[in-house]
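For reference, positions follow the sequence shown, starting with 1.
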Amino acid sequence: MKGPREELIYVPCIYRNTGINQPDYLATVDVNPKSAQYSQVIHRLPMPNVHDELHHSGWNTCSSCFGDTSKVRNKLILPCLISSRVYVVDVGTDPRAPRLHKVVEAEDVKKCGLGNLHTSHCLASGEIMISSLGDPDGNGKGGFVLLDGETFEVKKNWEVDGHAAPFGYDFWYQPRHNVMISTEWGTPKVLREGFKVEDVAAGHYGRQIHVWDWTEHTRIQTLDLGDDGQIPLEIRFLHNPDAEEGFVGCALRSSVFRFYKEKDGKWATEKVIQVPAKKVQGWALAEMPGLITDILISLDDRFLYFSNWLHGDIRQYDITDTRNPKLVGQIFLSGSILNGGPVTVQEDKELKCQPDPVTVKGKRIPGGPQMIQLSLDGKRLYVTTSLYSAWDKQFYPDMIRDGSVMLQVDVDTEKGGLKLNPDFLVDFGKEPHGPVLAHECRYPGGDCSSDIWI
């Protein structure tokens, strides 16, 4: 947390489902306020293929390899959600102008019986572990691919044969407790082109988290979160490597569950945050959930942040008492319930009126706040607005037309509080090949959601 201020951010930009037949690319954004190029894209690295759907990213090495002087954080790992490729990008030679280092083709990933790749974490062994949503045919399958940390060749599955989960998405491990916990999104071939509420009842979306033995690579416990825990996405242990607890954000019912280790060594969950749905007119359903799509924890384990992609707000909770998070900050940035928009809120258990649209540097913000990344000192929150191209197209067609954005929110780390920085805007609607969808943010030096301490 005492490290230098971030000066660059890497963010994947996606053209799939936009009507523009161009490859996805990695954008490098200048976030140094002293720079003449502040809040501008200063470099674009296009991938060699189209329709990959870049999504999340990770590193070749991180704090799990602390103390190993042979390890250098110089390669960004870009798994593809749709094509199942993995791009390895050299960000060490010139951090301001990354270059493509290696392409791992889907055929190599297929040898593990997996596809639709999502979260990438580096391991203390030097290997890279990537989660899958499905098998090569688009059915649900939560397994893990291991890459060699030097050659980036596919080595094998991480999980023991027969132990894959029914669905996959995110994961986080805590070696001092010999545990890894993974989450579930849904069936890739079902969610590929959009969301249908009937697919939830049909069992195509997850509601469980899975506990794994970290050394044996076996699934030892499955925790059903129930209806309130449908579509559990991002999962975060507390950063303290001794911690026996963490949080998972559940999208469909907009809840946050705390998971924790019991005295008998088993793991359990409890719901600790619930965002009420709003009764609406002029929308696809009669009730609109907040749709929690990203969560993160500050490095000092004091604050929890999450985004409500549909309601349009970001929230900050004091988690000093992890069983009773306290809301201390909230800011509306965009979303589906804006005043003057097509949706009328008929019943709201939280707000007295619908929030006004937000304009930054002359641009009305499209979409809803989605991916969030916190500065190491906890004082700045970076926000992008794209969730997944097919869902963007379905819920925010204006973002397909106008492009997504990156915003920056100032954080009060003393008492809590969130305030929009009016001088920071990256407008991805003005990119050279046309409007594009920007997703997850990474700093060259690591961040709150990529680094695990052992």
| task | May I ask you to establish whether Arg258 and Tyr260 are in a cation-pi arrangement, using a distance under 6.0 Å from NZ or CZ to the six-membered ring centre and at most 45° from the ring axis? | result | yes
| task | Go through the side-chain N and O atoms of Thr18 and Arg401 and say whether any donor and acceptor fall under 3.5 Å apart. | result | no
| message | Once rounded to the nearest 0.5 Å, what's the spacing between atom CG of Leu387 and atom CZ of Phe395? | response | 9.0 Å
| Quick check: does any side chain N or O of Asn116 sit under 3.5 Å from a backbone N or O of Leu81, one acting as donor and the other as acceptor? | yes
| request: Please lay out, stage by stage, how Asp224 and Arg207 fare under the test salt bridge (charged side-chain N to carboxylate O under 4.0 Å, His left out). | output: CA-CA 6 Å; Asp224 190 331; Arg207 50 184 267 177; 2.9 Å; yes
| request: Anything under 30° is parallel, anything over 60° is perpendicular, the rest tilted; go ahead and classify Phe303 against Tyr305. | output: tilted
| task | Report yes or no: do Ser449 and Gln373 form a side-chain donor-acceptor pair below 3.5 Å? | result | yes
| task | In sequence, state the C-alpha distance, the side-chain angles, and the governing distance for Thr222 and His210, and then conclude on side chain to side chain donor-acceptor pair (under 3.5 Å). | result | CA-CA 5 Å; Thr222 293; His210 303 279; 3.1 Å; yes
| said: Are Phe332 and His311, when compared by the centres of their aromatic rings, separated by less than 6.0 Å? | reply: no
| field | Lys102 NZ: over 12 foreign heavy atoms closer than 6.0 Å | value | yes
| query | Do other residues, nucleotides or ligands put more than 12 heavy atoms under 6.0 Å from Lys71 NZ? | reply | yes
| field | Asp294 CG to Ile372 CD1 distance, which is reported to the nearest 0.5 Å | value | 4.5 Å
| side chain to side chain donor-acceptor pair (under 3.5 Å) between Ser307 and Gln370: does it pass, once the steps are laid out? | CA-CA 6 Å; Ser307 56; Gln370 208 286 110; 4.7 Å; no
| task | Compute whether any side-chain donor of one residue and acceptor of the other, for Asn308 and Asp313, lie under 3.5 angstrom apart. | result | yes
| Asp170 and Thr119: side chain donor to acceptor below 3.5 Å | yes
| Do the side chain of Arg73 and the main chain of Asn60 share a donor and acceptor less than 3.5 angstrom apart? | no
| task | Dump the intermediate steps for side chain to side chain donor-acceptor pair (under 3.5 Å) on Thr215 and Asn178, then the final yes or no. | result | CA-CA 6 Å; Thr215 54; Asn178 190 38; 3.1 Å; yes
| field | With sequence neighbours excluded, residues passing ring pair (Phe, Tyr, Trp, His ring centres under 6.0 Å) with Phe195 | value | Tyr205, Trp391
| note | Rounded to the nearest 0.5 angstrom, the CG-OH distance for Asp52 and Tyr87 is 3.5 Å
| message | Distance check, rounded to the nearest 0.5 Å: Ile231 atom CD1 versus Phe167 atom CZ? | response | 10.0 Å
| request: Return the orientation label for the His55 and His439 ring planes: parallel under 30°, perpendicular over 60°, tilted otherwise. | output: parallel
| query | Between Thr93 and Asp90, is a side chain to side chain donor-acceptor pair (under 3.5 Å) present by the stated rule, with each step listed? | reply | CA-CA 7 Å; Thr93 302; Asp90 175 6; 2.5 Å; yes
| request: Mind running side-chain contact (heavy atoms from CB on, under 4.5 Å) on Phe306 and Ile292 for me, showing each step along the way? | output: CA-CA 7 Å; Phe306 65 75; Ile292 296 174; 3.7 Å; yes
| Between Lys155 and Asp108, is a salt bridge (charged side-chain N to carboxylate O under 4.0 Å, His left out) present by the stated rule, with each step listed? | CA-CA 9 Å; Lys155 295 181 69 175; Asp108 295 321; over 6 Å; no
| query | Is the number of heavy atoms from other residues, nucleotides or ligands within 6.0 Å of CG (Asp161) greater than 12? | reply | no
| task | Answer with yes or no after comparing the ring centroid distance for Phe237 and Tyr173 against a 6.0 Å cut-off, counting only values under it. | result | no
| Got Arg96 and His43 here, is their nearest side-chain heavy-atom distance under 4.5 Å? | no
| request: Please report the C-alpha distance between His239 and Asp300 in whole Å, then the side-chain angles of each, then the deciding distance to 0.1 Å, and finally whether the side-chain contact (heavy atoms from CB on, under 4.5 Å) criterion is met. | output: CA-CA 7 Å; His239 294 289; Asp300 57 4; over 6 Å; no
| Just checking, any donor-acceptor pair under 3.5 angstrom between side chains of Tyr382 and Glu6? | yes
| task | Quick one: pull up CD in Glu53 and OG in Ser84 and give me the separation to the nearest 0.5 Å. | result | 11.5 Å
| message | Can you confirm whether the side chains of Glu245 and Thr322 place a donor and an acceptor under 3.5 Å from each other? | response | yes
| message | Cys13 vs Arg44, test: side-chain contact (heavy atoms from CB on, under 4.5 Å). Steps then yes/no. | response | CA-CA 9 Å; Cys13 295; Arg44 300 167 184 86; over 6 Å; no
| message | If you compare all heavy atoms of Pro435 against all heavy atoms of Gly403, which two are closest, and at what distance to 0.1 Å? | response | CB-N, 3.5 Å
| said: Can you confirm whether Lys279 is buried at NZ, in the sense that more than 12 heavy atoms of other residues, nucleotides or ligands lie under 6.0 Å from that atom? | reply: no
| request: Test Phe144 against Phe171 for ring-ring contact (aromatic ring centres under 6.0 Å, His included), laying out the working first. | output: CA-CA 10 Å; Phe144 306 88; Phe171 70 99; 5.3 Å; yes
| query | What residues, two or more places apart in sequence or in another chain, satisfy ring pair (Phe, Tyr, Trp, His ring centres under 6.0 Å) together with His163? | reply | none
| Without hydrogens or angle criteria, can the side chains of Asp392 and Ser389 be said to hold a donor-acceptor pair below 3.5 Å? | no
| note | Distance col, row Met399:CE vs Ser404:OG, nearest 0.5 angstrom, shows 6.5 Å
| field | Ring centers of Trp185, His118 separated by less than 6.0 Å | value | no
| request: Run the numbers on Lys349 and Glu287 for salt bridge (charged side-chain N to carboxylate O under 4.0 Å, His left out), then give the verdict. | output: CA-CA 12 Å; Lys349 296 179 180 179; Glu287 289 195 349; over 6 Å; no
| message | Less than 6.0 angstrom separating the ring centers of Trp267 and Trp212, yes or no? | response | no
| If you look at every heavy atom in Leu76 and Gly58, which pair is closest and at what distance? | CD1-O, 3.2 Å
| task | Tell me yes or no: between the side chains of Tyr443 and Glu7, is some donor less than 3.5 Å from an acceptor? | result | no
| field | Heavy-atom closest pair, residues Leu376 and Asp447 | value | CD2-CA, 3.9 Å
| query | With distance as the sole criterion, is a donor-acceptor pair present between the side chains of Glu127 and Ser125 under 3.5 Å? | reply | yes
